[in-house]
Amino acid sequence: MAGTNGKQKSVRNMVLSLGVTLLAAGVMYLFVPHDDRAPDLPRVDYRVELLTARRAASYPVAAPQGLPESWKPTSVRFQGDDFDTWHLGFHTADGQYVQVQQSTEKPSTFIDEATQGGRETKVTQKIGDRTWTRYTGGRYDALVHQEQGATTVVAGTGSFEQLTRMAKALKAE
């Protein structure tokens with residue numbers, strides 16, 4: 001009978017251990033966030049950086065005018081010591097990302113970085129008085145325009161319709 005008592009203790013310990021494990025898993029489930037939605041990014045005010053870029057850059061710096069209020073600016077930077085690189089990023093109402101970037105860096109290097117590996121297509125489109133070339137295949141799709149010693153890239157996870165909307169809204173001063 002001594003062997004039976006040992007088996008009962010080991011079964012009891014295993015059941016208790018399983019119960020404690022399940023209890024711990026339940027507590028962790030209750031207290032660990034498990035929301036699949038993207039975090040609500042704060043809206044940034046980009047006016048100061050835009051004014052700085054427009055004073056310092058060697059090219060006409062472009063920023064959008066007239067985008068819907070639902071397009072939230074979430075990132076901005078101007079790097080005068082890095083090819084006068086201007087960046088302004090937006091999140092759209094449907095959760096996509098659209099950015100405008102400009103730089104005097106060598107176009108092939110800058111475009112590769114801004115599109116995160118996109119490749120030029122044969123497709124061009126006229127937006128206002130500018131001709132833009134489509135890039136695809138990288139992390140971002142993009143519209144690219146080159147002039148006046150600088151390259152402008154409108155890129156992101158958004159559709160080409162959204163990229164076009166951003167390109168149409170760009171005004172340089």
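The analysis underlying the following values was restricted to heavy atoms, covering all of them including side chains, and did not include hydrogens, waters or symmetry mates.
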S.K.: Would you say Arg165 and Pro68 make side-chain contact, with heavy atoms under 4.5 Å?
M.R.: yes
S.K.: Grab the two heavy atoms, one from Tyr59 and one from Ala150, that are nearest each other, plus how far apart they are.
M.R.: CG-CB, 3.5 Å
S.K.: Mind checking the CZ-CG spacing from Phe78 to Leu51? Nearest 0.5 Å is all I need.
M.R.: 12.0 Å
S.K.: CD/Glu120 to OH/Tyr135 distance, rounded to the nearest 0.5 angstrom?
M.R.: 4.0 Å
S.K.: Which value, rounded to the nearest 0.5 Å, describes the distance between Arg43 atom CZ and Trp71 atom CH2?
M.R.: 12.5 Å
S.K.: Would you kindly confirm whether Leu163 and Leu88 end up in one hydrophobic cluster when ILVMFWY residues are joined by side chain heavy atoms under 4.5 Å apart?
M.R.: yes
S.K.: Does Leu143 belong to the same Ile/Leu/Val/Met/Phe/Trp/Tyr cluster as Phe110, with side-chain heavy atoms less than 4.5 Å apart forming each link?
M.R.: no
S.K.: Donor-acceptor pair, Thr157 side chain versus Tyr97 backbone, under 3.5 Å?
M.R.: yes
S.K.: Give, for atom CD of Gln102 and atom CD of Glu105, the distance between the pair rounded to the nearest 0.5 Å.
M.R.: 14.0 Å
S.K.: Would you give the length of the straight line joining atom OG of Ser159 to atom CG of Asp141, rounded to the nearest 0.5 angstrom?
M.R.: 9.0 Å
S.K.: Does any N or O in the side chain of Gln96 come within less than 3.5 Å of the main-chain N or O of Gly156, such that one atom is a donor and the other an acceptor?
M.R.: no
S.K.: At their closest point, which heavy atom of Ala114 faces which heavy atom of Ala155, and how far apart are they?
M.R.: O-CB, 3.8 Å
S.K.: Can you tell me how far the CZ atom of Phe83 sits from the NZ atom of Lys106, to the nearest 0.5 Å?
M.R.: 10.5 Å
S.K.: So, does Thr151 use its side chain to make a donor-acceptor pair with the main chain of Pro107 at under 3.5 Å?
M.R.: no
S.K.: What closest approach, in Å, do Ala142 and Thr115 show between heavy atoms, and which atom pair accounts for it?
M.R.: CB-CG2, 3.4 Å
S.K.: Take Val154 and Leu170 through the test side chain to side chain contact (heavy atoms under 4.5 Å, CB included) and record every step on the way to the result.
M.R.: CA-CA 10 Å; Val154 174; Leu170 292 178; 3.8 Å; yes
S.K.: Please check if Phe160 and Ile127 belong to a single hydrophobic cluster, counting links between Ile, Leu, Val, Met, Phe, Trp and Tyr side chain heavy atoms closer than 4.5 Å.
M.R.: yes
S.K.: Under the 3.5 angstrom rule, does the side chain of Thr121 hit a backbone N or O of Arg134 as a donor-acceptor pair?
M.R.: yes
S.K.: State whether the number of non-hydrogen atoms from other residues, nucleotides or ligands found under 6.0 Å of Lys72 atom NZ is greater than 12.
M.R.: yes
S.K.: Where do Ser58 and Thr104 come nearest, in terms of heavy atoms and distance?
M.R.: OG-CG2, 3.5 Å
S.K.: In the single-linkage hydrophobic clustering (I, L, V, M, F, W, Y; side-chain heavy atoms under 4.5 Å), do Tyr46 and Val100 co-cluster?
M.R.: yes
S.K.: Considering non-hydrogen atoms only, spot the tightest contact between Ala53 and Trp86 and give its length.
M.R.: CB-CE3, 3.8 Å
S.K.: May I ask you to decide if the ring planes of His145 and Trp132 are parallel, tilted or perpendicular, using 30° and 60° as cut-offs?
M.R.: tilted
S.K.: Report whether Val44 and Val61 are members of the same hydrophobic cluster (ILVMFWY, side-chain heavy atoms less than 4.5 Å apart, transitive linking).
M.R.: yes
S.K.: My understanding is that only residues two or more places apart in sequence, or in another chain, count here; which of them pass side chain to side chain contact (heavy atoms under 4.5 Å, CB included) with Ala169?
M.R.: Pro64, Leu67
